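One structure below.
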Amino acid sequence: MSPLNKIAPKITNQNQLKQLHAQLIQNSLHHHNYWVAQLIHLCTRLHAPPRYTTWIFHSAHKPNVLVFTHMLKYHSKWGAKNEVFTLFDEMQKANIKPDYFVYPLLIKLSGKAGISFHAHLLKRNLDHDKYIKNAVMGFYGKCGPIEFARQLFDEMPERTTADWNSIISVYWNWGNEIQAKKLFDLVPEKNVITWTAMVSGFSRTKDLETARWYFDQMPGKSTVSWNAMISGYAQNGFAEEAIELFNEMMSVGFRPNETTWVAVVSSCSTRGDPVLAESLVKRMDKKGICPNYFVKTALLDMYAKCGNLEMARNIFDGLGVYRNSVTWNAMIAAYTRVGDLASALELFHRMPEKNVISWNSIIAGCSQNGESAVALELFKEMIANKDLKPDEVTLVSVLSACGHLGALELGNWVVKYITEDKMKLSISGYNSLIFMYSKCGSTRHARQIFQEMENRDVISYNTLITGFAAYGSGVEALELLSKMKEESIKPDRITYIGILTACSHSGLLIEGREVFESIKHPDIDHYACMVDLYSRVGKLDEAKRLIYSMPMQPHAGIYGSLLNASRVHKRIDHGEFAANKLFVLEPENSGNYVLLSNIYATAGRWEDVNRIRWLMKKKGVKKTTGWSRVEHGGKIHRFIVGDHAHKLSEDIYRVLAEMKKKMRVAGYIADESCVLRDVEEEEKEEMVGIHSEKLAVAFALLVSEPGSIIRVVKNLRICGDCHLAIKIISQLEHREVIVRDNNRFHSFKDGVCSCNDYW
DNA sequence: CTAGGGTTAG
């Protein structure tokens with residue numbers, strides 16, 4: 001025996017492995033099957049990269065069973081199915097009979113094809129071997145039917161503790177807590193593994209108290225037992241408990257291994273605390289830990305969540321061949337978290353094997369960063385791929401994007417998908433449905449979903465209340481407030497914002513004031529709602545008094561309410577007050593200048609109109625315009641002022657021209673805003689344009705069924721004359737036109753607008 | 001060489 005034999009078991013990192021390899025080459029031993037097998041075994045243990053390991057494998061001239069077996073184990077550890085089966089074919093071609101060690105590996109990896117393996121084994125009479133039986137049991141335990149696994153267990157002539165442990169973990173994998181516990185109580189000789197299985201089982205059902213009970217009762221603990229409990233805490237968001245238990249583990253003298261570090265590092269990610277991150281890294285360095293790729297991925301995520309994107313990217317780049325889908329996903333999520341969609345998308349498109357989580361990360365990332373249209377495009381791309389199945393997480397993001405865009409058609413498609421697939425939704429799934437329907441203007445459906453829910457949380461209530469608020473259904477919103485108190489769900493600050501907005505949009509001054517006074521610690525947004533309420537009902541002096549009495553510095557939204565109400569209620573004094581505050585707070589916002597100038601124009605004060613125009617010019621404020629969007633045929637069409645980009649542009653402008661003609665015949669002036677009188681010709685050119693809403697409406701008229709509802713979505717303040725135009729269109733066409741503006745719905749039918757405070 | 005612990009998305 002070579003002295004190298006003594007070195008092999010002591011090898012703990014890849015450098016030592018390479019040294020051993022070099023020595024073998026020097027002694028011309030690297031072709032020997034024994035050493036090839038040894039080296040591959042070490043590669044498996046040390047997570048060596050596939051290229052290196054394959055190279056070692058090929059240095060054997062005539063690989064034997066042992067070499068093949070180790071290579072199979074290596075690939076199966078990486079989950080490389082194709083490689084495993086290719087190797088199995090190669091093995092059969094080389095006329096090497098697979099032995100009792102090979103079949104279990106194959107069965108484990110074969111997925112649904114495991115049944116045919118079982119048949120293959122039965123045919124060859126190989127199914128009596130203990131290991132193979134165990135593997136077959138494991139297969140049925142994993143892929144079902146679970147009864148087959150149980151039958152194999154019951155038929156065993158004698159059962160070792162390992163067999164008991166296997167069947168217990170099968171039940172845990174299927175979430176059958178009752179059977180798992182029943183069997184646990186029957187195990188004649190429980191060992192550490194039996195106990196640890198219970199700890200991890202209860203952790204998976206989020207019952208950490210019971211998990212901890214088993215952990216505490218456990219007669220002898222191993223590192224794995226500690227890991228099970230620490231990971232249980234970490235995965236369920238109990239970062240404090242995980243770290244505390246980790247410290248306890250160290251103090252009673254257990255050595256943490258890589259898995260321990262993964263759990264601890266991920267707890268630190270949950271906390272997002274850079275100081276703790278720093279101290280953990282120091283501790284790891286002091287221990288001289290050589291992190292494997294699991295630890296490195298956890299570290300990547302930790303750095304990303306603690307705000308150090310540069311370090312995260314360093315780890316990502318350094319991982320090289322060890323990058324897997326988890327690494328990519330973590331890095332993509334890191335970019336979307338800070339709003340760097342460009343980098344996230346770039347990585348996403350470069351990523352080799354995208355799984356559901358990759359798609360979910362990028363779709364949610366786009367949706368949360370205001371790129372709802374991109375999110376929906378990506379979703380369509382995702383479902384075009386038949387190998388991928390969107391899950392609830394996907395649909396929550398997609399429904400949210402649908403809501404933001406007012407894409408009811410696609411939203412309904414998602415609902416159909418959920419129904420047809422018999423998908424079981426969690427509370428947040430239902431909440432996203434409420435959100436989608438509310439935002440698309442279907443309060444009836446939103447309410448229906450809300451009523452169908454078995455359990456509701458504060459978000460369910462908030463979403464529906466906010467929906468009612470946008471629709472001006474103040475009474476319904478107030479009813480929900482009392483209903484949630486009945487259900488003993490505590491209203492939070494968002495609830496009160498919703499309620500106050502609802503009161504404000506339906507002119508419920510007394511009720512709103514009552515609610516406002518009941519809020520224990522009103523914050524700036526609650527004051528803003530209250531100012532808005534006073535403003536809208538025309539009590540501008542009260543509004544101004546409230547602004548002065550606020551314990552905090554008012555923000556732009558507060559003066560904005562006052563300014564808008566000053567226009568409606570024709571109060572130049574308050575308008576000037578609010579506008580002057582706004583010119584300081586947000587000098588770039590053109591809307592404020594336009595509003596004040598509109599106020600002057602209505603009063604016929606043309607010098608002041610011109611003064612504001614001049615002020616805008618002097619400050620270099622550009623009039624900003626927003627997109628209007630209309631959904632048709634599951635696609636979002638968006639329009640901007642004077643837009644000619646749409647492929648139906650010509651027809652759209654033709655429809656618009658027809659509309660204008662009809663309007664003129666009906667005695668309306670469609671285009672010119674009253675502000676434009678006495679304004680120089682060149683400026684007039686710039687101001688008029690064709691409003692994006694009008695383009696959107698014209699498009700909708702062009703493509704939609706006669707009599708159908710037209711939904712236009714815009715998130716900026718609408719100018720008065722545009723409302724007028726839409727009003728006229730709805731009158732002439734006998735169509736309902738719904739406009740979402742500033743998160744508020746305005747429904748026009750036969751020339752009547754359902755919102756009462758606008759004119 | 002069959003049983004317990006690992007990183008990512010809402």
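Throughout, a chain's letter reflects where its sequence line sits, starting with A, and its residues are numbered from 1. In this text the structure is predicted, and so the values were computed from the model without any measurement.
When heavy atoms are screened at a 4.0 angstrom cut-off, A:Q368 is found touching the sugar-phosphate backbone but no base atom. No engagement by A:S358 is indicated, since no non-hydrogen atom pair under 4.0 Å with the nucleic acid exists. At the heavy-atom level, A:A333 lies under 4.0 Å from the strands shown only through sugar-phosphate atoms. In this structure, A:S361 reaches the sugar-phosphate backbone alone: every heavy-atom distance under 4.0 Å involves primed, P, OP1 or OP2 atoms, never a base. Here A:K354 lies out of heavy-atom contact (under 4.0 Å) with every strand.
For the residue pair A:S361 / A:N329, no side-chain donor-acceptor distance below 3.5 Å is found, with atom types taken as modelled. For the residue pair A:N227/A:N257, the side-chain donor-acceptor check at 3.5 Å is satisfied. A side-chain donor from one of A:D391 and A:T394 sits under 3.5 Å from a side-chain acceptor of the other.
At whole-Å resolution of the value, CZ in A:F379 and C1' in B:dG10 are 14 Å apart. For A:K77 and B:dT2, the NZ to P distance is 11 Å, given to the nearest whole Å. If you measure from atom CG of A:L299 to atom C1' of B:dT7, you get 10 Å, rounded to the nearest angstrom. For the pair A:H47 NE2 and B:dT7 P, the computed distance is 14 Å after rounding to whole Å. For the pair A:M351 CE and B:dA9 C1', the computed distance is 11 Å after rounding to whole Å. The distance from atom CE of A:M156 to atom C1' of B:dA3 is 11 Å, rounded to the nearest whole Å. As a whole-Å value, the separation of A:L399 CG from B:dA9 P is 20 Å. In this structure, the CZ atom of A:R159 is 21 Å from the P atom of B:dT2, given to the nearest Å.
No close placement of the A:F202 and A:W213 rings is indicated, their centers lying 6.0 Å or farther apart. Checked against the 6.0 Å centroid criterion, the rings of A:F215 and A:W195 do not qualify as a close aromatic pair.
Listed by chain and number, the residues in a salt bridge (Lys or Arg N to Asp or Glu O under 4.0 Å) with A:D216 are A:R212 (sequence neighbours excluded). Take A:S222 and apply the side-chain hydrogen bond (donor to acceptor under 3.5 Å, both in side chains) test, not counting sequence neighbours, and it matches A:S225. Partners of A:E381 according to the salt bridge (Lys or Arg N to Asp or Glu O under 4.0 Å) rule, which considers only residues two or more places apart in sequence or in another chain, do not exist here. When the side-chain contact (heavy atoms from CB on, under 4.5 Å) test is applied to A:T53, the partners found at least two apart in sequence or on another chain are A:I40, A:C43, A:A48, A:M71, A:Y74.
A salt bridge between A:K181 and A:E177 is absent, with no side-chain N of the basic residue lying under 4.0 Å from a carboxylate O of the acidic one.
Listed by residue number, A:N191, A:V192, A:I193, A:T196, A:S200 are the residues of residues 189-203 of chain A with a heavy-atom contact under 4.0 Å to DNA chain B. Within a heavy-atom distance below 4.0 Å of DNA chain B, no residue of residues 172-186 of chain A is found.
The side chain of A:K73 sits closest to B:dC1 out of B:dC1, B:dT7, B:dG6. Closest to the side chain of A:A298, out of B:dG4, B:dT7, B:dT8, is B:dT7. Listed nucleotides: B:dT7, B:dA3, B:dG5. Nearest to the side chain of A:N165: B:dA3. The side chain of A:I357 has B:dA9 as its nearest neighbour among B:dG4, B:dG10, B:dA9. For A:S169, whose side chain is taken as the heavy atoms from C-beta onward, the closest listed nucleotide among B:dA9, B:dA3, B:dC1 is B:dA3. For A:D163, the side-chain atoms get nearest to B:dT2 when compared with the rest of B:dT2, B:dG6, B:dA9. In the set B:dT7, B:dG10, B:dA3, B:dG10 carries the atom at the smallest distance from any side-chain atom of A:S428.
Donor-acceptor pairing under 3.5 Å, judged by distance alone, is absent between the side chain of A:N227 and the base of B:dG6. In terms of polar N and O atoms assigned as donor or acceptor, the side chain of A:S222 comes within less than 3.5 Å of the base of B:dG4 in a complementary pairing.
The aromatic rings of A:F254 and A:W226 are tilted relative to each other, their planes meeting at an angle between 30° and 60°.
Checking the phosphate oxygens (OP1, OP2) of B:dG5, no side-chain nitrogen or oxygen of A:Q235 falls inside 4.0 Å. Taking only side-chain nitrogens and oxygens, A:R337 comes nearer than 4.0 Å to OP1 or OP2 of B:dA9.
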